[in-house]
Amino acid sequence: MKKFVIFDLDGTLIDTVEGITIAANKYLSSHNIPFVYSRDDIESFIGNGAPLLFKRMMKNYEYNENDYQEFLTFYRDNQKYSKVYPEVVSSLKALISRGYSLFILSNKPDSLLQILIKELLSEIKFKYIQGQDNKYPTKPDVTLLNEKIINNFDLDPNDGYYVGDSYVDVLTGQNAKLKSIFVTYGYGDYQKAMSYKPDYIIDKFEDILEIVK
């Protein structure tokens with residue numbers, strides 16, 4: 001039996017919304033687009049990948065791939081405002097000490113995800129870290145999760161958990177036949193997530209240690 005936990009990132013392990021808000025507003029201002037978004041606005045845009053976030057923030061303005069790639073540079077340059085949630089590091093270390101393998105599967109662009117983990121969570125020995133790959137559909141589709149994590153590491157879904165802060169993450173866990181853990185402190189719509197009936201609900205990250213024993 002190989003015990004494991006797969007985590008979402010934004011709103012689950014790391015609070016990234018301040019940096020994304022700054023990046024969005026800097027990008028829009030540089031193009032004289034008259035929108036200024038609050039943290040709450042950006043929270044409502046997060047969860048389905050950066051392309052959809054960009055589409056939501058642009059509203060009816062036309063844009064092309066070069067515009068999106070330019071936005072990603074703002075996104076990357078403002079990740080420095082991100083912060084690891086309280087008790088995440090100690091709790092992840094405790095899970096490893098209990099024999100669990102830890103993974104990350106996020107809709108965040110993979111290049112940005114790798115940078116952020118290296119800067120903020122380098123002391124955690126994740127088995128594998130995977131962000132958005134444009135060759136695959138985003139979560140809650142589990143093709144990428146199954147190929148890169150479940151199959152590649154010869155894991156049995158019955159032995160694992162998926163942890164995230166949105167209905168997308170609850171569905172991801174269900175689609176992969178993993179037990180789902182929903183965190184209430186993140187960016188997701190609580191009521192919508194509840195409608196998908198997650199297996200477990202936690203209000204603080206360290207509460208995961210009461211579930212994953």
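Just so you know, residue 1 is the first one in the sequence shown, and it goes up from there.
Checked against ring pair (Phe, Tyr, Trp, His ring centres under 6.0 Å), Y185 has the following partners two or more places apart in sequence or in another chain: Y85. Listed by chain and residue number, F153 satisfy the ring pair (Phe, Tyr, Trp, His ring centres under 6.0 Å) test with F103 (two or more places apart in sequence, or in another chain). In this structure, the side chain to side chain donor-acceptor pair (under 3.5 Å) partners of D199, at least two apart in sequence or on a different chain, are S180.
Annotation: side chain of L105 is not in contact with side chain of L9 (no heavy-atom distance under 4.5 Å). Residues L112 and Q132 are not in side-chain contact: their nearest non-hydrogen atoms beyond the backbone lie 4.5 Å or more apart. Side chains of R39 and E18 form a contact here, defined as non-hydrogen atoms less than 4.5 Å apart. A heavy-atom distance below 4.5 Å is found between the side chains of I42 and I20. Taking the side chain as every heavy atom from C-beta outward, V163 and I6 never approach each other to under 4.5 Å. Counting only heavy atoms from C-beta outward, the side chains of D156 and K2 never approach each other to under 4.5 Å. Side chains of I181 and P198 form no contact here, defined as non-hydrogen atoms less than 4.5 Å apart.
Note on D8 versus K139: salt bridge recorded, some NZ/NE/NH1/NH2 to OD/OE distance being below 4.0 Å.
Pairs engaging residues 159-184 under the ring pair (Phe, Tyr, Trp, His ring centres under 6.0 Å) rule: Y167-Y196 [sequence neighbours left out]. A ring pair (Phe, Tyr, Trp, His ring centres under 6.0 Å) check over residues 38-62, counting only residues at least two apart or in different chains, returns the pairs Y27-F54, F35-Y61, Y37-F45, F54-Y63, F54-Y68, F54-F71.
As a member of the Ile/Leu/Val/Met/Phe/Trp/Tyr network built from side-chain separations under 4.5 Å, Y81 groups with I22.
A side-chain N or O of D169 and one of S166 form a donor-acceptor pair less than 3.5 Å apart.
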Verdict with supporting geometry, R56 and D41, salt bridge (charged side-chain N to carboxylate O under 4.0 Å, His left out): CA-CA 10 Å; R56 288 166 173 164; D41 294 329; over 6 Å; no

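A distance of 6.5 Å separates CD1 in I115 from CD in Q79, rounded to the nearest 0.5 Å.
For the pair Y187 (side chain) and V17 (backbone), a donor-acceptor distance under 3.5 Å is present.
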